[in-house]
Amino acid sequence: MLIYASSGSEYFSVHGEAFIASAQKHGHKVKVDMADDFPEWKSKLRCTEDRTFNAMLRTMMLPEMLEDDDVLVLDIDSIINKPITLDKCDMALFFRPWMPSEWEGMQVLMTASYWTKRAKPFAESVRDKLLSQVNIWGDDQTAVWRTFQEMGHRYAIQPLTQDFVCYHFDRDAPIWTCTGPARKSDAAYLDRRAQYAA
């Protein structure tokens, strides 16, 4: 399993070192694609903000990556706290059924998602949706949700919870992540990140 993220250079300078070091410490292969290195995708994927492209680059790259490896896609502001294992499945997604149904972009949280080679057609469909429109922040989550509704029944999908990827930093989850701007100043998170950053 490969742990994978994409990022802009400024955000990477804050979070990238801890992300990579924490993954490697726990025995994982890790890869980060820098948005500035992919101008051809920036010309194809229409986004209203650079940060949207920086995050969605990982979705553009994912289908081809699945030819070689199973991939755990994370936000770059994540920290890996322990070796990561998942049950046997085709995919794993963080569903949020407590959100109002009309909020399509909030039904799935894409701060963490797991994809096996069998899920490549799903990943391709998500990418096609994003390439067909002008994207705002969160449209990748909407595209995943719509694709899940269309073809999710074809896959064995493991639900993820905060016991796997925690954004409140209140439990011993394998991954901590800074979903939402307010969490980036959380003392527990900053202390954990500092343990991996030089």
Side-chain angles (χ1 to χ4, degrees), residues 3-12 14-16 19 32-36 38 41-63 65-66 71-79 91-115 119-152 155 157-162 164-169 173 175-186 189:
I3 293 179
Y4 174 57
S6 62
S7 180
S9 56
E10 184 175 344
Y11 207 61
F12 181 85
V14 177
H15 299 284
F19 177 80
V32 178
D33 279 333
M34 302 301 295
D36 291 344
F38 294 89
W41 276 115
K42 192 160 191 178
S43 67
K44 293 178 187 177
L45 182 66
R46 293 167 294 159
C47 299
T48 58
E49 298 178 277
D50 284 344
R51 72 172 187 144
T52 301
F53 173 74
N54 298 346
M56 291 186 184
L57 174 63
R58 60 192 183 180
T59 309
M60 299 299 103
M61 305 298 291
L62 181 60
M65 295 178 71
L66 291 173
V71 181
L72 176 64
V73 181
L74 297 177
D75 288 344
I76 192 68
D77 53 15
S78 300
I79 297 169
M91 302 170 59
L93 296 172
F94 195 119
F95 295 104
R96 298 194 284 185
W98 56 88
M99 291 291 181
S101 59
E102 63 270 20
W103 295 1
E104 285 188 297
M106 302 296 284
Q107 299 302 311
V108 177
L109 178 64
M110 293 306 294
T111 195
S113 59
Y114 173 67
W115 308 75
K120 183 179 176 182
F122 192 113
E124 289 174 328
S125 180
V126 172
R127 180 170 67 182
D128 289 345
K129 286 178 174 63
L130 296 176
L131 287 170
S132 72
Q133 63 191 28
V134 177
N135 295 283
I136 62 172
W137 186 257
D139 275 354
D140 53 340
Q141 298 186 158
T142 301
V144 169
W145 176 243
R146 290 177 178 173
T147 304
F148 169 74
Q149 292 179 306
E150 293 165 4
M151 64 171 68
Y155 300 93
I157 301 179
Q158 177 183 341
L160 300 177
T161 69
Q162 284 208 63
F164 180 78
V165 55
C166 180
Y167 48 83
H168 290 305
F169 318 124
I175 302 161
W176 280 5
T177 191
C178 270
T179 298
R183 295 185 174 93
K184 289 173 176 52
S185 59
D186 184 278
Y189 169 80

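Note that the structure is predicted; figures quoted are calculated from it, not measured.
- Taking 4.5 Å as the limit, some side-chain heavy atom of Phe94 sits within range of a side-chain heavy atom of Gln162.
- In this structure, the separation between NZ on Lys184 and OG1 on Thr179 is 7.5 Å, given to the nearest 0.5 Å.
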Evaluation steps, side chain to side chain donor-acceptor pair (under 3.5 Å), between Ser6 and Asp33: CA-CA 5 Å; Ser6 62; Asp33 279 333; over 6 Å; no
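- Screening Glu104, Glu124, Glu150 against Lys129 for a salt bridge (charged side-chain N to carboxylate O under 4.0 Å, His left out) leaves a single residue, Glu150.
- Phe38 places none of its side-chain heavy atoms less than 4.5 Å from the side chain of Met60.
- Surrounding CD of Glu102 are more than 12 heavy atoms belonging to other residues, nucleotides or ligands, all under 6.0 Å away.
- Taken to the nearest 0.5 Å, the CH2 atom of Trp41 stands 13.5 Å off from the CE atom of Met56.
- Between Ser7 and Ile76 the shortest heavy-atom distance is OG-CG2, 3.8 Å.
- Side-chain atoms of Thr147 come within 3.5 Å of backbone N or O of Ala143 as a donor-acceptor pair.
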Worked verdict on Trp115 versus Met65 for side-chain contact (heavy atoms from CB on, under 4.5 Å): CA-CA 10 Å; Trp115 308 75; Met65 295 178 71; over 6 Å; no
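- Panel note: side chain Gln158, backbone Ala92; no donor-acceptor pair is recorded below 3.5 Å.
- Lys42 and Asp50 are joined by a salt bridge, as a carboxylate oxygen and a charged side-chain nitrogen come within less than 4.0 angstrom of each other.
- When all heavy atoms of Asp75 and Ala5 are compared, the pair lying nearest together is C-CB, 4.4 Å.
- Within the 4.5 Å cutoff, the side chain of Phe12 has heavy atoms near those of the Val32 side chain.
- The nearest pair of heavy atoms linking Ile157 to Pro159 is O-CD, 3.5 Å.
- Annotation: the span from Arg51 atom CZ to Trp137 atom CH2 amounts to 5.0 Å, rounded to 0.5 Å.
- Taking a cutoff of 4.0 Å between a charged side-chain nitrogen and a carboxylate oxygen, Asp139 and Arg146 do not qualify as a salt bridge.
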Stepwise side-chain contact (heavy atoms from CB on, under 4.5 Å) check, Leu62 with Arg127: CA-CA 9 Å; Leu62 181 60; Arg127 180 170 67 182; over 6 Å; no
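- Of the possible donor and acceptor atoms, none in the side chain of Ser113 sits under 3.5 Å from a partner among the backbone N and O of Met110.
- Shown here for Phe164 and Leu160, the closest heavy-atom pair between the two residues is CD2-CD2, 3.7 Å.
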Residues Asp77, Phe19; criterion side-chain contact (heavy atoms from CB on, under 4.5 Å); working and verdict: CA-CA 7 Å; Asp77 53 15; Phe19 177 80; over 6 Å; no
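- Looking only at side-chain heavy atoms (C-beta outward), Cys47 and Asn135 come within less than 4.5 Å of each other.
- Annotation for Phe122 and Val144: closest pair CZ-O, 3.7 Å, computed over non-hydrogen atoms.
- Smallest separation of non-hydrogen atoms from Ala119 and Tyr155: CA-CE2, 3.8 Å.
- Between Phe148 and Val108, every side-chain heavy-atom pair lies at or beyond the 4.5 Å cut-off.
- For the pair Leu130 and Asp140, the minimum side-chain heavy-atom distance is below 4.5 Å.
- For the pair Val165/Leu109, no side-chain contact is recorded, criterion being any heavy-atom separation below 4.5 Å from C-beta on.
- With values rounded to the nearest 0.5 angstrom, Tyr189 atom OH is found 12.5 Å from Cys166 atom SG.
- The aromatic rings of Phe169 and Trp176 are tilted relative to each other, their planes meeting at an angle between 30° and 60°.
- From Ser132, atom OG reaches atom CZ of Arg46 across 7.5 Å, with rounding to the nearest 0.5 Å.
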What verdict does the side-chain contact (heavy atoms from CB on, under 4.5 Å) test give for Thr177 and Leu74, after you've listed the backbone C-alpha separation in whole Å, the side-chain angles of each residue and the deciding distance to 0.1 Å? CA-CA 8 Å; Thr177 191; Leu74 297 177; over 6 Å; no
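- Gln107 contributes atom CD, which lies 10.0 Å from atom CD of Gln141 (distance to the nearest 0.5 angstrom).
- Residues Trp103 and Arg96 fail the side-chain proximity criterion, which asks for heavy atoms closer than 4.5 Å.
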